[in-house]
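Here the structure comes first, spelled out in structure tokens, and everything after it is commentary.
Numbers restart at 1 for each chain; the letters A, B, ... are given by sequence-line order, proteins then strands.
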Amino acid sequence: MFSAPRGTSDVLPAEQPYWREAIDAAERLCRLFGYARIDTPVFEQADLFERGAGEGSDVVRKEMYVFEDRSGERLALKPEGTASICRAYLQHGMGNLPQPVRLYYLSPTFRYERPQAGRRRQHTQFGCEAIGDADAAVDAEVIELLWRLYADLGLGDLVLLLNSIGDRTCRPRYLEALRAHYQPHLRAVCRDCRDRYARNPLRLLDCKQASCQPVIATAPSIIDYLCDDCRRNFDDLRRYLDALDIPYELTPHLVRGLDYYTRTVFEVQPRGGGAQSTIGAGGRYDALIEELGGKPTPATGFATGIERIVLNLRQQKASVPTATTPQVYVAHQGVEARVEAFKLTSLLRREGVSTVVATGERSLKSQMRQANALGAAWVAILGERELAAGTVQLRNMADAGQRELLQREAIQFLTGTTR
RNA sequence: GUGGGCGUAGCCGAGCGGUUAAGGCGCCAGGUUGUGGCCCUGGAGAUCGAGGGUUCGAAUCCCUCCGUCCACCCCA
């Protein structure tokens, strides 16, 4: 027997309403905020992500689905959304559009990881990118959109973590200071941290090992090392967020796994959430477009995981959205009536009435049972007697009321009442 | 990639060396002559995750693999 590959799963009809709810809310907000949808391929040249996320990032080092196609081209399944959007921005000359260009996407994303709660090898990201503007107002805008999304969905008790990780001018100075701080503690610190010290010192701040906490606690704060431009930008952002009454927690040790981030970084998680709890995250990436071969172009955005949203929706919301049920079930008895029932079904559908017809050789009793199980509001019964009279029995499944109408009247009636 | 828990019909789940492998939900069919939801009766559906081993005998013990869940790494 086949089963879905490890770390992938089917979204069955019963869960679809949650997805609909999340996606509808996201798309409605995008219209409201002036973001236009863009779809990019699920795979791209592998280099795009290596240049984007960074060769040193875990995502490209060990989590990318890389493969060669039949012509030997090196491709990769999208491990994140931003690089593709930037590629499209460049490829289609969007630098000539009014800036910033506001885009959103809804896309499957792939990472080869050990599956875990809230973590799959294929997941779906909804993301917004505003490209071509360095104003902190744009950061505030995408954060507001993300925050509104969760609010509209009724997700409560979320925390917005906020930090600035500086830019090309000030971050190197900070990293120097951070390394200097760690140098004397290298033996006391965990193995991973020794590795981070060499490879990705910013991540030192993110370590959860108890042994490393004292060193983190006394580490210099990046906020104190921001250059004037970065500081101004960060102050602006906070003013905007304050003006919008969006609460945030300054988190000087918040860092991100992708190399392209500059200045603003943020993350949204349920308060007191466990390991894989972050439901949305993002930040500014002012150097990425240039890195991909464009002119220097500031940009900012976020991505949020639909599966993680759905996970939280299911936990937090008691109300289960309704599943799809037909309005009318057409039952029949006798060979002649079969075809007539099939025809009646078609006529009802042409009037926009969602209708299901009984198929196979089942007794009327069985058909009624099925109509009930499917949740049909009405059953139209066509037997030999009705066939002869050109009528149909209309049964209201809620109150068991039933009456006989001419077919034409029945169609008219159902069209009216089910609208 | 590392560590731990778990894998019995579509779903939940008992059994833990010798049973025709419980039970519930769901599905299908009947409960008289053309009709649902409740109830009653019957039925279908399981190579007990896969492969190997121990044993007279294995769903039950051992090994390997696969899957799943949880934690780490990292991330949405």
For [N], take OP1 and OP2 only and decide whether either is under 4.0 Å from a side-chain N or O of [X].
X	N	result
A/Gln116	B/C69	no
A/Arg120	B/A76	no
A/Ser363	B/G30	yes
A/Thr278	B/A76	no

Indicate, yes or no, whether a donor-acceptor pair under 3.5 Å links the base of [N] to the side chain of [X].
X	N	result
A/Arg114	B/U2	yes
A/Asn372	B/G36	yes
A/Gln402	B/U35	yes
A/Arg362	B/G30	no
A/Arg369	B/G31	yes

So, A/Tyr104 versus A/Tyr35, ring centres under 6.0 angstrom or not?
no

Considering only atom P, compute the distance from B/G18 to B/G57 and round it to an integer number of Å.
14 Å

How long is the line joining CZ of A/Arg6 and P of B/G1, in whole Å?
8 Å

State, with a plain yes or no, whether a side-chain heavy atom of A/Val379 is found less than 4.5 Å away from one of A/Asn372.
no

So if I take every side-chain heavy atom of A/Glu63 and compare against B/C70, B/U35, B/C74, which nucleotide ends up nearest?
B/C74

Which part of the nucleic acid does A/Arg196 contact within heavy-atom distance under 4.0 Å: base, sugar-phosphate only, or nothing?
sugar-phosphate

Quick one: look up who [N] pairs with, Watson-Crick or G-U, both distances under 3.5 Å, and put none if it's unpaired.
N	answer
B/C72	B/G1
B/G45	none
B/G67	B/C6

ring-ring contact (aromatic ring centres under 6.0 Å, His included) evaluation trace for A/Phe266 with A/Trp147:
CA-CA 11 Å; A/Phe266 58 90; A/Trp147 196 249; over 10 Å; no

Does a donor on one side chain and an acceptor on the other come within less than 3.5 Å for A/Ser107 and A/Lys78?
yes

Pairing donors with acceptors under 3.5 angstrom, does anything connect the side chains of A/Arg349 and A/Thr345?
no

